[in-house]
Amino acid sequence: MPELPEVETVRRGLLRLVQNRQIKAVELLWPKTIEGDVATILKTMVNRTIEDIDRRGKFLLFRLSGDYTLVSHLRMEGKYNTVPAGTPPEKHVCVVFHLDQATDLWYLDTRKFGRMQFVPTGMENQLVPGIKKMGPEPTESDLTTDYLAEIMAKSRKIIKPFLLDQSNLAGLGNIYVDEVLWQSKIHPEQPVNTVTLAEITVLRTNIISEIKRAIEHHGTTVHSYTNAFGEAGAFQNELQAYGRKGEPCLRCGTLMEKMKVAQRGTTYCPQCQQIHA
DNA sequence: CTGGGCTCCTGTACGC
DNA sequence: TGCGTACAGGAGCCCA
């Protein structure tokens with residue numbers, strides 16, 4: 001499941017493969033993947049060049065010539081891959097971009113949750129709801145302690161769903177939330193407005209460093225998710241909480257437990273992570 | 001504002 | 001072996 005580090009890894013890999021490539025034609029094999037007036041969108045993409053690829057949270061932003069942007073969210077299992085032109089699409093290919101230099105770019109998506117939108121460049125901030133209301137990137141400069149303390153004081157949610165909500169801050173998904181909560185010794189069901197300033201400070205530091213470290217490891221490869229660029233993520237070897245149910249906590253040795261929090265599988269240490277008043 | 005449930009999808013794991 | 005079922009989950013939606 002791509003979270004910010006995985007999407008960033010895809011962005012970097014894709015940039016090397018398709019920057020300055022021209023789109024000659026686009027085939028949509030799974031109609032729901034592209035939202036909007038599909039016929040017009042497919043036509044409008046033709047003859048544009050992929051000038052750059054940006055990222056906002058978990059969204060990829062393909063910057064096309066003529067000031068258009070293809071916004072792509074991978075959701076659970078979306079992937080990109082390049083193949084020689086004319087290669088018969090594999091089972092889960094949803095979109096084929098026929099590029100110049102005899103290259104096809106595939107968008108594959110096993111569960112078909114991923115979505116794309118096509119907007120004038122800059123308008124993604126207005127026209128893509130998920131981007132419009134997205135919180136700050138989890139970086140030293142964007143995610144300030146003041147901001148975090150302020151929105152946390154006002155929230156009446158519990159911490160795990162709060163951190164998963166992209167409108168609070170961008171980029172975290174189920175895996176990294178479990179990781180940073182374990183690192184910060186915060187129970188996943190701790191009410192947000194009861195987290196102390198000291199805990200918020202630690203949490204913020206852990207979020208920023210965890211995301212940075214995961215990017216350096218090219219993200220996490222779990223289950224069926226692998227990126228297509230010959231640099232399968234290695235961060236799964238670094239995980240300290242996620243997937244460690246029944247194994248000893250790396251800090252105190254207590255067996256890690258798993259429970260449901262807001263419908264999400266959640267692994268935590270019942271000793272280190274306790275709810276406080 | 002909040003939580004809960006449902007939807008989209010398919011592959012995998014598990015019980016019998 | 002095979003079949004039914006539970007589960008995995010990002011994000012948007014509706015409802016209470």
Side-chain angles (χ1 to χ4, degrees), chain A residues 1-10 28-36 55-61 71-79 89-95 106-117 124 126-135 137-138 150-181 187-195 211 214 219-227 236 239 241-246 257-268 275:
Chain A
M1 49 224 74
E3 302 177 32
L4 191 156
E6 292 72 46
V7 177
E8 176 62 18
T9 301
V10 170
L28 181 57
L29 276 51
W30 186 262
K32 292 170 91 167
T33 299
I34 299 182
E35 299 179 334
R55 181 189 55 71
R56 176 76 173 98
K58 305 177 192 173
F59 287 88
L60 289 168
L61 307 167
V71 181
S72 169
H73 196 302
L74 307 174
R75 290 287 177 89
M76 300 299 297
E77 304 206 7
K79 316 169 179 48
E90 288 170 8
K91 192 174 181 184
H92 299 298
V93 175
C94 295
V95 187
W106 285 350
Y107 173 73
L108 305 95
D109 196 335
T110 307
R111 290 187 199 167
K112 300 180 171 67
F113 284 2
R115 292 292 179 265
M116 298 179 190
Q117 284 165 272
E124 64 272 10
Q126 306 297 129
L127 298 178
V128 181
I131 296 180
K132 184 175 183 180
K133 51 181 192 160
M134 186 174 288
E137 294 286 316
E150 190 183 326
I151 59 170
M152 287 179 71
K154 286 190 288 197
S155 173
R156 286 181 297 151
K157 287 186 176 180
I158 55 176
I159 188 78
K160 176 155 182 173
F162 175 88
L163 293 176
L164 287 171
D165 185 341
Q166 303 296 298
S167 64
N168 292 136
L169 67 152
L172 294 182
N174 203 43
I175 295 176
Y176 295 115
V177 165
D178 279 8
E179 292 300 305
V180 298
L181 288 177
H187 191 283
E189 293 176 313
Q190 181 73 40
V192 172
N193 60 9
T194 62
V195 178
I211 293 292
T220 299
T221 305
V222 287
H223 306 304
S224 61
Y225 183 80
T226 52
N227 77 55
Q236 63 276 13
L239 297 179
Y242 183 87
R244 298 197 68 252
K245 173 195 173 189
E257 292 181 5
K258 188 168 181 179
M259 65 173 174
K260 285 270 186 192
V261 177
Q263 287 88 244
R264 304 289 155 82
T266 301
T267 309
Y268 71 107
I275 299 181

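We name chains A, B, ... by the order of the sequence lines, and we start the count at 1 in each one.
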query: Does the pair A/Leu239 and A/Glu179 meet the rule for a side-chain contact (heavy atoms from CB on, under 4.5 Å), with working shown?
result: CA-CA 7 Å; A/Leu239 297 179; A/Glu179 292 300 305; 3.8 Å; yes
Dump every N/O contact between nucleotides 7-10 of chain B and the protein below 3.5 Å, one line per pair.
residue, atom, partner, partner atom, Å
B/dC8, O3', A/Lys32, NZ, 3.4
B/dC9, OP1, A/Lys32, NZ, 2.9
B/dC9, OP2, A/Lys32, NZ, 3.4
B/dC9, O4', A/Arg111, O, 3.2
B/dT10, OP1, A/Lys112, NZ, 3.2
B/dT10, O2, A/Arg111, NE, 3.4

- prompt: Separation of A/Lys58 atom NZ from C/dG12 atom P, in whole Å?
  reply: 10 Å
query: So, A/Ser167 side chain and A/Asp165 main chain: donor-acceptor pair closer than 3.5 Å or not?
result: no
task: Write down the distance between CD (A/Gln166) and P (C/dG9), rounded to a whole number of angstrom.
output: 15 Å
Test item: A/Leu29 and A/Pro89 side chains (from C-beta on) under 4.5 Å apart, heavy atoms: yes
- prompt: Just checking A/Gly173: base, sugar-phosphate only, or nothing, at a heavy-atom cut-off of under 4.0 Å?
  reply: nothing
- request: Specify the separation, in whole Å, of atom CG of A/Leu60 and atom P of C/dG10.
  value: 16 Å
- request: Might you point out which heavy atoms bring A/Pro138 and A/Ala170 nearest each other, and give the distance in Å?
  value: CD-O, 3.1 Å
task: Starting from P on C/dA8, measure out to CG on A/Leu164 and report it in whole angstrom.
output: 14 Å
- prompt: A/Lys79 has an atom NZ; how far is it from atom C1' of C/dG10, in whole Å?
  reply: 15 Å
- prompt: Salt bridge between A/Lys112 and A/Glu77, side-chain N to carboxylate O under 4.0 Å?
  reply: no
statement: When rounded to whole Å, the CE to P distance for the pair A/Met76 and C/dG10 reads 5 Å
query: How many Å lie between CD on A/Gln263 and P on C/dC7, as a whole number?
result: 12 Å
Length of the CG-P vector between A/Leu74 and C/dG10, whole Å: 13 Å
query: Looking at A/Arg264, does any N or O in its side chain come under 4.0 Å of the phosphate oxygens OP1/OP2 on C/dG10?
result: yes
query: Of A/Met134 and A/Lys258, whose nearest nucleotide on DNA chain C comes first from the 5' end?
result: A/Lys258
query: How about A/Asp178 and A/Lys160: do any of their side-chain heavy atoms sit closer than 4.5 Å?
result: yes
- prompt: Between A/Glu90 and A/Val93, is any pair of side-chain heavy atoms under 4.5 Å apart?
  reply: yes
For nucleotides 1-3 of chain B, give me every protein contact, N/O to N/O, under 3.5 Å, one pair per line with atom names.
residue, atom, partner, partner atom, Å
B/dT2, OP1, A/Arg156, N, 2.6

- prompt: Can you find a heavy atom in the side chain of A/Asp109 that is under 4.5 Å from one in the side chain of A/Val95?
  reply: no
message: Applying the side-chain contact (heavy atoms from CB on, under 4.5 Å) criterion to A/Leu4, which one of A/Gln166, A/Arg55, A/Arg56 satisfies it?
response: A/Arg55
